[in-house]
Colleague: 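Below is a structure I'd like to ask you about.
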There are 2 protein chains.
Amino acid sequence: MPNSTARSQKRPTISDVAKLAGVSKVTVSYVLNGHSVSARISPATQEKVSRAADELGYRPSVIARSMVTGRAETIGVVFQDPLYFAVRSDFIREVMHGVNLAAVSVGYDLLLHTKPVPNALVECSVLTDGRVDGVLILRNRDDETLRLLLEQGFPSVLFFSRSDHEHISFVDCDNYGGAVLATEHLVSLGHRQIGMVLGHHASTSSSERLAGYCDTLNRSSIEFDGRLVMRPTPGNEFQCIRNFIVEQKPTAIFCISDLYAIYTLMVANDLGLRVPEELSVVGFDSLESCERSNPPLTSVRQPVLEIARKATEILVSMARNEKVESRRVIFPTELDIRQSTAPPIR
Amino acid sequence: MPNSTARSQKRPTISDVAKLAGVSKVTVSYVLNGHSVSARISPATQEKVSRAADELGYRPSVIARSMVTGRAETIGVVFQDPLYFAVRSDFIREVMHGVNLAAVSVGYDLLLHTKPVPNALVECSVLTDGRVDGVLILRNRDDETLRLLLEQGFPSVLFFSRSDHEHISFVDCDNYGGAVLATEHLVSLGHRQIGMVLGHHASTSSSERLAGYCDTLNRSSIEFDGRLVMRPTPGNEFQCIRNFIVEQKPTAIFCISDLYAIYTLMVANDLGLRVPEELSVVGFDSLESCERSNPPLTSVRQPVLEIARKATEILVSMARNEKVESRRVIFPTELDIRQSTAPPIR
DNA sequence: GTACAATGCAGAATCGATTCACTAGGCGCC
DNA sequence: GGCGCCTAGTGAATCGATTCTGCATTGTAC
């Protein structure tokens with residue numbers, strides 16, 4: 001019958017193993033960490049120690065080890081917003097999958113920081129409290145926290161965003177190029193009234209994508225019209241998109257994300273607008289849901305999984321070398337043409 | 001210019017604060033942990049200590065604290081499969097969202113264990129290595145690991161599954177009732193050839209749902225036909241579903257998950273079968289993607305977010321009380337009727 | 001004026017590992 | 001036979017906190 005009020009069995013410690021094997025704790029540590037060669041432990045002793053450890057089912061306390069080594073074999077992940085998983089999009093799942101893949105392959109665990117922090121200073125000291133060897137930061141832009149971490153020489157990598165700061169490492173996709181691809185596609189189909197739907201917060205990605213959109217219009221001799229760029233208010237996306245379509249009458253819309261593009265498809269359906277005949281829609285990310293939308297969504301593909309994985313790999317290598325070299329990687333984007341885009345009808 | 005080869009500034013420790021405040025480490029600890037009343041520290045000293053701590057930007061090392069208190073204010077999350085995030089479904093995102101919500105509100109962080117483990121014994125000792133105060137387990141069924149954790153009195157909660165073991169805590173939905181709702185719906189529409197698509201691994205959820213399906217057929221005097229129940233082979237879901245439809249010619253299919261239901265919609269589309277006229281499809285989970293599928297998917301709703309949240313709350317209360325009372329919660333299910341079900345055509 | 005309690009704070013042990021520096025014993029070499 | 005070197009392993013310090021116990025000092029009562 002299990003004891004219901006306390007942990008019944010205590011975990012064996014290194015001392016228990018030492019006692020059973022008839023050696024000192026030090027020897028146990030050397031054997032189990034494979035430093036036996038440098039510390040010259042005889043095969044016989046090694047055998048004794050291993051057997052004792054097995055018998056007791058001994059596992060070193062990660063906490064105790066971290067205390068002395070200063071390493072935790074764990075990396076932290078922080079999001080723009082503590083409730084990032086609330087966003088109804090497959091994006092975050094794919095990000096976590098990439099991070100997880102890389103973490104599994106290098107044997108690092110993942111810590112999701114959830115505790116609210118009042119400011120960057122506190123956040124920085126929370127992140128560097130010893131539980132993680134580095135942090136992956138999913139933010140809209142670099143911020144004070146990132147600079148503080150950098151100052152302390154604490155390994156950190158920004159991903160899905162970027163920074164002008166010389167020493168901040170990041171992994172991102174070619175947002176500008178992706179927006180150019182999307183806009184050129186619409187222009188080449190004959191669209192002139194091309195709207196753009198942005199996200200509700202400013203981010204390096206959204207400004208780059210906006211720049212790609214504007215520059216392409218320019219190069220195509222289409223005059224930029226500020227009214228054709230819309231930023232929905234949070235919680236009111238559908239109404240905003242609806243009003244935008246009704247008032248501005250774009251023949252095509254380039255959306256900042258697949259999520260917003262799918263919202264746009266739903267609004268169009270609601271308004272009785274046929275896609276792509278009466279309205280072309282292009283998304284960004286090209287997540288799997290693009291294939292399941294009605295109609296399947298033309299979208300700019302960024303390699304979400306690869307970005308997440310690369311960022312994690314860079315972070316781990318920074319953590320392992322105990323030095324912070326700034327590294328930055330930009331992945332190319334491609335256009336996945338599906339069935340939500342077509343020439344405008346006259 | 002940031003030092004690029006080493007952590008330039010060391011984090012202040014409790015000793016630094018003590019030195020600056022002109023008191024002992026002990027006093028600092030008492031003041032900062034609010035034990036100042038029981039330890040009787042004068043307001044003047046408290047003030048001095050607080051100011052010193054602020055000035056240095058001191059934060060206690062969570063690692064060092066964990067060493068002595070044995071608590072970490074962190075909970076572990078383990079999945080059936082280390083690459084659980086690979087499954088292309090919104091389910092896991094919603095689960096993480098629920099867990100995250102509860103964790104945020106109680107101030108616990110989340111540790112995702114990714115390291116592969118050879119067996120339950122090792123897994124158990126990895127989970128109890130001091131970094132987390134309890135674990136949330138997302139598995140198809142209870143297993144050896146769960147029993148070992150229980151034996152050690154280590155707080156753990158199984159979710160989205162259940163156990164016959166008297167002392168194992170779990171949070172799940174009413175799978176049987178949900179399956180009954182789905183099947184009754186199809187029967188009441190006039191279907192007699194009702195197929196069921198299972199997941200590719202055995203789980204308590206799938207056997208309960210299967211039981212609900214079978215019992216409902218029985219009560220409706222429809223003879224159970226084993227050929228109408230299909231378990232797709234992993235990686236080959238589309239082909240399996242396709243063959244199943246072609247060979248068994250069901251007029252309706254109840255799927256174990258929304259993901260498989262959406263696959264079924266895609267296969268039907270591929271085969272030129274109109275849904276719901278020629279084939280009715282019901283899913284399970286009623287995730288948001290049901291509203292975006294073509295046609296919108298009728299599905300059994302389980303409160304994924306609530307289940308995840310409740311499991312986390314139970315776990316935290318177990319961890320805080322330092323005792324393990326077995327608790328089990330079953331949430332009801334409902335049927336969300338959308339547009340993928342209709343009477344069969346003759 | 002003395003005894004005793006309350007107050008305010010600090011010393012030292014502890015948690016479970018790692019790592020530096022050192023020792024005890026055996027051996028070869030001149 | 002003495003010196004030094006290699007081998008195999010250990011003692012003690014350390015990481016940064018918490019917590020139990022102890023010890024002055026001051027205040028109060030008789």
Side-chain angles (χ1 to χ4, degrees), chain A residues 7 9-50 52-53 56-73 125-126 128-131 133 322, chain B residues 7 10-50 52-53 56-73 125-126 128-131 133:
Chain A
R7 320 256 160 112
Q9 298 154 354
K10 277 232 192 65
R11 283 171 66 87
T13 70
I14 197 170
S15 300
D16 299 324
V17 177
K19 211 169 297 171
L20 182 60
V23 297
S24 72
K25 303 191 300 183
V26 189
T27 305
V28 175
S29 174
Y30 281 136
V31 171
L32 265 33
N33 289 300
H35 297 323
S36 40
V37 177
S38 64
R40 289 169 304 228
I41 307 292
S42 72
T45 305
Q46 293 189 36
E47 182 60 24
K48 265 194 303 183
V49 170
S50 305
L56 294 174
Y58 169 76
R59 297 250 117 202
S61 153
V62 175
I63 296 285
R65 169 181 288 167
S66 294
M67 265 237 73
V68 42
T69 63
R71 265 164 283 113
E73 306 234 306
S125 50
V126 166
T128 60
D129 72 9
R131 290 184 299 170
D133 300 340
E322 300 237 341
Chain B
R7 320 256 159 110
K10 278 233 191 64
R11 282 173 69 85
T13 71
I14 197 169
S15 301
D16 298 325
V17 178
K19 212 169 294 171
L20 182 60
V23 296
S24 73
K25 301 190 301 183
V26 191
T27 305
V28 175
S29 173
Y30 282 136
V31 171
L32 266 32
N33 288 301
H35 297 322
S36 40
V37 178
S38 64
R40 289 169 306 230
I41 306 293
S42 72
T45 305
Q46 293 189 35
E47 182 60 25
K48 264 193 307 184
V49 170
S50 305
L56 294 174
Y58 169 75
R59 298 249 117 201
S61 154
V62 175
I63 295 286
R65 169 181 290 167
S66 294
M67 264 237 76
V68 44
T69 63
R71 264 165 283 113
E73 307 235 305
S125 52
V126 166
T128 59
D129 72 9
R131 291 184 300 171
D133 301 339

Colleague: Kindly write out the residues that satisfy side-chain contact (heavy atoms from CB on, under 4.5 Å) with B:Thr69, not counting sequence neighbours, or none if the list is empty.
Modeller: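 In terms of side-chain contact (heavy atoms from CB on, under 4.5 Å), with neighbours along the sequence ignored, B:Thr69 is linked to B:Arg65, B:Arg71.
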
Colleague: Estimate the overall bend of the helix from C:dG1-D:dC30 to C:dC30-D:dG1 from the end axes over five pairs each, rounded to 10 degrees.
Modeller: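 End axes: 60° apart.
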
Colleague: Mind calculating the distance between NZ (B:Lys19) and C1' (D:dG16) to the nearest angstrom?
Modeller: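 So the two atoms are 13 Å apart, to the nearest Å.
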
Colleague: May I ask you to evaluate whether A:Thr45 reaches the phosphate of D:dA8, defined as a side-chain N or O under 4.0 Å from OP1 or OP2?
Modeller: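 Looking at the OP1 and OP2 atoms of D:dA8, neither is under 4.0 Å from any side-chain N or O of A:Thr45.
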
Colleague: Touch check for A:Ser15, heavy atoms < 4.0 angstrom, all strands: base, sugar-phosphate only, or nothing?
Modeller: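 Nothing, no heavy atom under 4.0 Å.
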
Colleague: Can you sort out the partners of A:Ser66 under side-chain hydrogen bond (donor to acceptor under 3.5 Å, both in side chains), two or more places apart, ordered by chain and number?
Modeller: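 A:Ser66 satisfies side-chain hydrogen bond (donor to acceptor under 3.5 Å, both in side chains) with no other residue.
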
Colleague: Give one of base, sugar-phosphate or nothing for A:Val23, where a contact means two heavy atoms less than 4.0 Å apart.
Modeller: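 Sugar-phosphate only.
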
Colleague: Considering residues at least two apart in sequence or located in another chain, which fulfil the salt bridge (Lys or Arg N to Asp or Glu O under 4.0 Å) criterion with B:Asp129?
Modeller: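 Partners of B:Asp129 by the salt bridge (Lys or Arg N to Asp or Glu O under 4.0 Å) criterion, ordered by chain and then number, come out as B:Arg131.
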
Colleague: On DNA chain C, does the nearest nucleotide to B:Lys48 precede the nearest nucleotide to B:Met67 from the 5' side, or the other way round? Give the residue.
Modeller: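 The answer here is B:Lys48.
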
Colleague: Could you tell me the separation between the CD1 atom of B:Ile63 and the C1' atom of C:dC15, rounded to a whole number of Å?
Modeller: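 Interatomic distance, CD1 of B:Ile63 to C1' of C:dC15: 13 Å.
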
Colleague: Has B:Thr27 got a side-chain N or O lying under 4.0 Å from the OP1 or OP2 atom of C:dA10?
Modeller: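 For C:dA10, OP1/OP2 do have a side-chain N/O of B:Thr27 under 4.0 Å.
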
Colleague: Using the test side-chain hydrogen bond (donor to acceptor under 3.5 Å, both in side chains), find all partners of A:Ser15 that sit at least two apart in sequence or belong to another chain.
Modeller: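 Result, side-chain hydrogen bond (donor to acceptor under 3.5 Å, both in side chains) vs A:Ser15: none returned.
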
Colleague: Give B:Thr13 one of three labels, base, sugar-phosphate or nothing, depending on what nucleic acid heavy atoms sit under 4.0 Å from its own.
Modeller: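 Answer is sugar-phosphate: B:Thr13 comes under 4.0 Å of backbone atoms only.
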
Colleague: Report yes or no: do A:Arg11 and A:Ser61 form a side-chain donor-acceptor pair below 3.5 Å?
Modeller: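 Judged by distance alone, the side chains do not pair up.
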
Colleague: Tell me the interatomic distance from A:Ile41, atom CD1, to D:dT10, atom P, rounded to whole angstroms.
Modeller: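 Computing the A:Ile41:CD1 to D:dT10:P distance gives 7 Å.
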
Colleague: Using every non-hydrogen atom in the two residues, find where A:Val31 and A:Ile41 come nearest and quote the distance to one decimal.
Modeller: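 For A:Val31 and A:Ile41, the tightest heavy-atom pair comes out as CG2-CG2, 3.9 Å.
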
Colleague: Grab the CG-P distance between A:Asp129 and D:dA17 for me, whole Å please.
Modeller: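 After rounding, the reported distance stands at 10 Å.
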
Colleague: Can you tell me the distance, in whole Å, between the CG atom of A:Leu32 and the P atom of C:dG16?
Modeller: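 My rounded result for the distance is 16 Å.
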
Colleague: Would you say B:Ser61 places a side-chain N or O within less than 4.0 Å of OP1 or OP2 belonging to D:dA17?
Modeller: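 Answer is no, no contact under 4.0 Å.
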
Colleague: Excluding sequence neighbours, so at least two apart, what forms side-chain contact (heavy atoms from CB on, under 4.5 Å) with A:Leu20?
Modeller: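 Once residues adjacent in sequence are excluded, the partners of A:Leu20 under the side-chain contact (heavy atoms from CB on, under 4.5 Å) criterion are A:Ala52, A:Glu55, A:Leu56.
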
Colleague: For A:Val23, give me all partners under side-chain contact (heavy atoms from CB on, under 4.5 Å), at least two apart in sequence or on another chain.
Modeller: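 side-chain contact (heavy atoms from CB on, under 4.5 Å) check on A:Val23 returns A:Ala21, A:Thr27, A:Val28, A:Thr45, A:Lys48, A:Val49.
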
Colleague: Apply side-chain hydrogen bond (donor to acceptor under 3.5 Å, both in side chains) to A:Arg59 and list each qualifying residue two or more places apart in sequence or on a separate chain.
Modeller: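 None.
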
Colleague: What one-letter contact string describes nucleotides 18-26 of chain D from 5' to 3', where B marks a base within less than 4.0 Å of any protein heavy atom, S marks contact via sugar-phosphate atoms alone, and - marks no contact?
Modeller: SBB------

